[in-house]
Every structure is written in structure tokens, then in C-alpha cells.
2 protein chains.
Amino acid sequence: MIDRPETEPTPLDDAARAGWLYYVAGLTQDQIARELGTSRQRAQRLVSRAISERLIHVRLEHRVSGCLRLEAELARRFGLKLARVAPSLGVGVDPLPSIAPTAAAEIERVLRAAEPQVIAFGTGRSLRATVEEMTSMECEQHKIVSLNGNISADGSASYYDVIFRIADRVRAPHYPMPMPVIAQSTEERELFHSLKPVQSVLRLARDADVTFVGIGQMSDDAPLLKDGFITADELRAMQALGAAGEVAGWVYDSDGHYLETSLNQRVAGVRVEVGEGRMAVAIAGGTPKLVALAAGLKGRLFNGLITDELTARALLA
Amino acid sequence: MIDRPETEPTPLDDAARAGWLYYVAGLTQDQIARELGTSRQRAQRLVSRAISERLIHVRLEHRVSGCLRLEAELARRFGLKLARVAPSLGVGVDPLPSIAPTAAAEIERVLRAAEPQVIAFGTGRSLRATVEEMTSMECEQHKIVSLNGNISADGSASYYDVIFRIADRVRAPHYPMPMPVIAQSTEERELFHSLKPVQSVLRLARDADVTFVGIGQMSDDAPLLKDGFITADELRAMQALGAAGEVAGWVYDSDGHYLETSLNQRVAGVRVEVGEGRMAVAIAGGTPKLVALAAGLKGRLFNGLITDELTARALLA
DNA sequence: TCAGGTCGCGAACAATTACTCATCAACCCG
DNA sequence: CGGGTTGATGAGTAATTGTTCGCGACCTGA
């Protein structure tokens with residue numbers, strides 16, 4: 001995206017203004033039209049643009065009692081230090097729009113901490129959507145580090161890459177990992193890992209105080225496959241070995257134990273590990289991810305979970 | 001329909017859920033009613049309750065959102081009918097390039113009105129820069145009138161004169177004021193004012209529907225001095241009398257009250273006054289003008305303000 | 001027990017918002 | 001230069017939302 005010079009006579013600034021007047025000031029679109037000196041139709045279009053461009057963020061400042069019970073139960077059952085359950089929007093509906101704002105609030109809570117933290121982020125649709133929901137803030141004291149490489153097979157930065165987006169929002173020092181998500185070979189991985197700058201980023205990521213990750217399923221619709229990081233053959237091979245899910249490219253089985261596959265010997269990023277004083281929070285929801293989530297919880301691969309109501313209920317069933 | 005959890009939801013829980021479904025999932029209140037197993041009216045009441053109980057927080061994530069907040073605050077604090085804050089370009093940078101396009105848009109909005117308006121303009125760098133940003137348009141229905149005389153001491157038309165420029169751009173009937181900005185004496189002023197054609201222009205300017213003016217500071221770098229309308233001695237004398245700023249040549253103190261100086265008895269143009277149905281909009285920004293602006297706002301010399309972000313923040317501090 | 005008050009409900013209606021459609025101008029692109 | 005495409009616009013209309021009103025349930029104190 002090209003950012004325009006700031007003096008510009010407003011491209012979607014009008015949309016922002018309209019959205020502000022509509023949602024914050026509570027004006028009717030008719031009044032907004034008068035305010036902006038335009039037609040009612042245009043005002044309506046501006047308002048709806050403000051939504052579709054994700055300029056408007058909505059948060060729920062109330063913990064629904066049903067969700068609270070699920071959170072407590074999840075924490076108990078899976079030994080979680082943090083459990084957050086967003087109200088579901090309905091069966092069969094993508095839970096991301098519900099999870100993302102909830103997760104964003106949680107990340108912001110971490111960022112508001114006064115003492116400096118190292119915060120690591122994975123990649124994926126969930127995280128990307130979450131970051132889009134975050135507010136801008138000034139967090140010079142923290143460090144934001146990427147868990148995975150952020151260069152895809154064709155050399156382009158992945159669309160779902162999160163680190164730059166988040167760093168942009170919170171204006172904190174950030175450490176991308178300048179290498180592929182998955183190396184061609186173990187040797188190539190070692191080559192990357194032997195580079196000085198990479199080593200310090202790896203160290204930072206490994207020792208991060210808080211880590212936020214998405215979860216990938218290893219069924220036929222695996223994100224790793226969809227995004228072109230592995231081939232259909234590789235996927236089938238790992239399914240045969242019992243692959244149940246994947247975190248930051250690291251594949252694990254239905255007990256939540258990491259597999260000894262050729263892929264895992266080529267993943268360039270760091271493996272998520274929980275430890276005392278260190279949080280690893282999974283952000284995921286939806287039926288396709290149920291198996292992967294359940295396996296990861298069973299193996300205690302993370303000690304935090306942000307999901308939605310229906311997923312939570314299914315996990316507990 | 002989803003089966004409800006076994007615990008009874010508190011009244012607020014339902015409101016929260018309804019609000020979530022409405023704003024996040026984007027369901028209609030009808031769908032929410034079905035989802036919750038209730039009537040449409042109840043769904044509507046739950047949604048509005050979620051707002052009135054402040055369970056739902058709406059925010060705007062856009063770089064101008066801060067400006068909108070400042071506008072609302074300025075309007076509230078200083079009783080303005082119009083407040084516009086342009087995003088600043090940075091500390092220490094001339095804010096004019098940011099203010100001018102914003103102000104130009106505002107002026108154009110007035111000009112687009114179908115019913116005939118009388119629009120008065122002051123002079124100065126800010127207005128001049130603003131006019132340069134305006135697009136051409138056909139506005140035969142309006143009248144454009146100058147607030148001040150537009151002949152400087154040496155007989156030349158002032159470079160910062162605005163009226164001809166604007167009239168040229170919008171092709172509207174225009175009324176310059178054929179006399180000096182500041183007369184040699186009160187008598188000379190009265191002489192000019194007694195002329196028939198001058199009187200009608202004065203009347204037009206005094207009763208203008210909308211007036212746009214710049215603000216001049218009265219510190220040592222006063223525009224009045226720089227442009228040779230007053231001498232350094234005169235400036236010092238007025239500073240001693242508490243001069244804080246000046247609008248169209250009329251000097252006022254830090255409470256926004258016009259001074260009874262010899263200069264004010266010689267200013268040839270009309271004094272800006274707000275009135276019901278009449279707007280007086282100040283276009284100004286930058287550190288040097290802060291004192292003058294604050295004073296003018298305090299004295300309610302104008303009921304509209306177009307400025308930049310940094311200035312707005314300083315005015316509110 | 002009963003008058004009086006409050007509250008939530010649904011019906012009906014008014015206000016507001018969203019969508020569809022036809023038009024038009026700008027913009028490519030050969 | 002002409003044809004096709006895109007994108008913005010206002011008119012008109014359908015859908016949705018907000019409000020008012022009367023009703024009945026329920027509480028409460030005399």
C-alpha cells in the first residue's frame with residue numbers, strides 16, 4: 001500500500017470522519033451529509049466504507065457469564081494461565097471476527113505493561129485479523145519479534161505476515177526474521193541460523209516473555225499447504241505420521257508431541273515452548289482447527305488460549 | 001437455533017451478546033431476535049441497552065481520529081460552530097501547508113451552497129495560501145467582499161490581498177475595499193467611510209453570512225509590522241497596552257477584548273463580529289500565533305476555527 | 001384487598017438506512 | 001479516436017431500526 005502525502009485533501013479521511021460522526025457522535029447520516037456538505041447517499045457510502053476498511057473497531061466491555069464459565073473450565077482442564085472466550089456469532093459462522101477483537105484487547109493489555117517485555121508473534125490469518133483490530137499506541141519500551149521467517153518461497157513477504165503490521169501500529173522496535181519460513185534443507189536452515197543477526201533474533205524469540213501464535217490444522221485444508229509452504233505429498237506423508245496440528249510451522253501429533261518429520265528439520269523459526277514466567281498464547285477457533293487445538297492443549301504446548309464460545313464448548317466436550 | 005447454556009444469563013449478558021451480534025457479526029435485529037429466541041423489539045432494546053450501558057465500545061482507527069477528537073473538544077470548550085483540525089506535519093514544521101487545503105475545502109463547501117451568500121475575507125499569509133489551494137468554480141450567486149482596505153501605504157496592492165485572487169478563482173461578483181488598510185488618522189478614515197461606494201461595501205462586509213479571517217500575533221514578529229502597516233514604536237506601545245493579537249487590523253488583548261488604541265481608531269476595515277446566523281471563521285496555526293489565537297477564542301471573537309493538530313492540542317492544554 | 005406505580009411487552013407507525021439501478025465522467029488501451 | 005471498463009453519483013425504493021402507545025403482569029403500601 002502506498003501512503004499518500006499527509007496534506008492530501010482526504011482520500012478515506014472523509015470515510016473516517018463520517019464513521020466518527022456516525023458511531024461516536026451518534027449523528028444520523030442525514031446530519032453527516034449536511035456536516036460534510038454532501039449528499040445523504042454519499043454519507044451512507046462513507047459510513048459503510050469506514051466499516052469495510054476496518055476503520056471502525058468495536059469492543060465488548062462485558063464478560064458474558066456463559067463465556068466466563070467456559071474460560072474457568074478451560075483454564076482448569078488444560079492448565080492454562082490465560083483463557084479468553086469470545087461470544088460466538090452463530091454456528092457455522094467464521095469465528096474470527098469475534099476472536100480478533102478479543103485477542104487484540106489482550107495483546108494491548110500486555111503492551112500496556114510499563115516494564116519492558118519481549119513479545120513474539122507467529123503468523124497466520126488469525127493473528128493478522130487480530131492485529132487489524134488493534135489500536136495505535138506508543139510502546140517504545142517493548143520489543144516485538146517474529147517467530148518465523150517472513151520470506152515465502154517466491155521471495156515475497158507473506159501477506160499474512162504480522163510483525164510489520166503490528167510494529168507499525170505500536171511503534172516499537174521490531175525484529176523480523178530475515179529468512180524463509182521453511183528452508184529447502186536442514187543445511188540451509190543451519191546456514192541461516194549461523195548468521196550473527198539471525199542468531200540474536202532467534203535468541204530474542206526463544207526467550208520472549210509472551211508469545212502469541214495461531215494454530216494450523218493438518219487436515220487436507222492445512223494452511224501450510226494453502227500458502228504453498230509444503231506440497232500435497234508432504235502433507236499426506238505427515239498425516240500418515242499422525243500430524244494433528246502445527247504451530248509456527250512445527251508439526252505435532254494428536255498428543256501434542258512434536259513429530260520428527262523432515263519438515264520439522266527444515267522449519268526456520270523457533271519452536272514455541274512454555275516456561276516459568278513465559279506465556280505462549282494460542283489464538284484460534286473454528287471447527288477445522290478443533291483437532292489441532294485439542295492436541296496442542298493436551299500436550300501443553302501453550303499456556304494461554306483465546307478462542308470463541310462454540311470452539312471452547314467443543315474443546316470441553 | 002443455538003441451545004442456551006444451562007446457567008441463566010443475566011440481563012446485561014443478553015444486552016452484551018445482542019450488541020456483539022449486532023456490531024461485530026453484523027446481524028440484523030431480526031436475526032438477533034431469532035438467535036436469542038425473543039422478539040425483534042426486545043432485540044432492539046437489548047442492543048440500545050448495550051450502548052447506553054457502555055458495554056459496546058466503538059473506536060475509530062485512523063490517523064485523523066485524533067483530529068476529530070480535538071475538533072469536538074475545541075467546539076465544546078470555545079463554543080465554536082465549526083472546528084476543523086488538519087493533521088500536523090510535525091513539530092517545528094510550518095503548519096500552513098496542512099491548514100490551507102483543509103480551509104480551502106471548507107470555503108468551497110460554503111461556496112457550493114445554492115442560496116446566495118455574502119462571504120467576507122480578511123488578508124494575510126494564511127488566507128493567501130488557502131486561496132491558492134482552492135479549485136475553480138462558478139459561483140455567480142454569491143458575493144465576495146473584502147474586510148479590509150487593500151491599498152498599502154505606498155499605494156500598491158498588497159501581495160497578501162486575497163479578494164481578487166479568490167474572485168478570479170470562483171468567478172463571483174466581488175467587492176474590494178478601495179482604501180488603505182490603516183488610515184493616516186481617524187479623520188482620514190471617516191473621510192473614506194463617508195464615500196457612497198465604500199459605505200455599501202462596508203455594509204456588505206459587516207452583514208456577511210460567513211467571514212474568513214487570519215489572525216495576527218502582536219509579538220515582535222507581528223505581521224502588521226513586517227508588512228509595514230505599523231512602526232516598531234507603535235507595536236511596542238500596543239504591546240505595553242497588553243495587545244495579544246489582531247484580526248483584520250483590529251487589535252485585542254489577552255482576554256479577547258478590543259483595545260482602545262490609536263491604531264484601532266484608524267483601521268479602515270470592519271471589525272469582525274459574530275452574530276446569530278453569521279459565522280466568523282479564523283484560519284490560523286503555528287506556535288507564534290498561539291497567544292493571539294487563545295485570546296481570540298477566549299473573547300469569542302469568532303465562532304469557527306480551522307487550525308492544525310499541534311496548535312489545537314496546545315490551545316486545549 | 002385494592003389503588004397506584006413500574007416495568008416489559010408487542011403493535012403500529014415514523015424515521016433512518018441500505019440497496020438497486022441508470023447515468024455519467026474519467027480512464028485505459030489498443 | 002472510439003470502445004470498454006471502472007467508479008462515483010442521485011433517484012427511487014425496500015429493508016431495517018427507533019419510538020410511541022396501550023396493555024397487562026407484578027409489586028407495594030395502606
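Numbered from 1 within each chain, the chains take letters A, B, ... in sequence-line order.
With sequence neighbours left out, the salt bridge (Lys or Arg N to Asp or Glu O under 4.0 Å) criterion links E53(A) to R49(A). Listed by chain and number, the residues in a salt bridge (Lys or Arg N to Asp or Glu O under 4.0 Å) with R54(B) amount to none (sequence neighbours excluded). When the salt bridge (Lys or Arg N to Asp or Glu O under 4.0 Å) test is applied to R42(A), the partners found at least two apart in sequence or on another chain are D14(A). Annotation: side chain to side chain contact (heavy atoms under 4.5 Å, CB included) contacts of T311(A) (sequence neighbours excluded): L290(A), L293(A), T307(A), D308(A), L315(A). With sequence neighbours left out, the side-chain hydrogen bond (donor to acceptor under 3.5 Å, both in side chains) criterion links T211(B) to no other residue. In this view, H174(B) and F164(B) satisfy the ring-ring contact (aromatic ring centres under 6.0 Å, His included) rule, not counting sequence neighbours. Residues satisfying the salt bridge (Lys or Arg N to Asp or Glu O under 4.0 Å) test with R45(A), not counting sequence neighbours, are none. Applying the side chain to side chain contact (heavy atoms under 4.5 Å, CB included) criterion to N303(B), with sequence neighbours excluded, gives K81(B), V274(B), M279(B), A280(B).
One end of the helix from dT1(C)-dA30(D) to dG30(C)-dC1(D) points its axis 30° away from the other end's axis, with each axis taken from 5 pairs and the angle rounded to 10°.
With hydrogens and angles ignored, no donor-acceptor pair under 3.5 angstrom links the side chain of R45(A) to the base of dG7(D). For dA18(C), the base has no donor-acceptor partner in the side chain of Q41(A) [N/O atoms by modelled type, under 3.5 angstrom].
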Please tabulate the protein-to-nucleotide N/O contacts below 3.5 Å involving nucleotides 14-17 of chain C, giving atom names and distances.
from: dT17(C); atom 1: OP1; to: Y22(A); atom 2: OH; distance (Å): 3.3
from: dT17(C); atom 1: OP2; to: T28(A); atom 2: OG1; distance (Å): 3.1
from: dT17(C); atom 1: OP2; to: Q29(A); atom 2: N; distance (Å): 2.7

For residues 27-36 of chain A, which side-chain donor-acceptor pairs fall under 3.5 Å, sequence neighbours excluded?
from: T28(A); atom 1: OG1; to: D30(A); atom 2: N; distance (Å): 2.9
from: Q31(A); atom 1: OE1; to: T28(A); atom 2: N; distance (Å): 2.8

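Within residues 49-56 of chain B, no residue has any heavy atom under 4.0 Å from DNA chain D.
Contact between the side-chain N/O atoms of S39(B) and the OP1/OP2 oxygens of dC9(C) is not found at any separation under 4.0 Å.
Side-chain contact check for T135(A) and R59(B): at least one donor-acceptor pair (N or O, by modelled atom type) lies under 3.5 Å.
Rounded to whole angstrom, the span from the CG atom of L46(B) across to the P atom of dT17(D) amounts to 14 Å.
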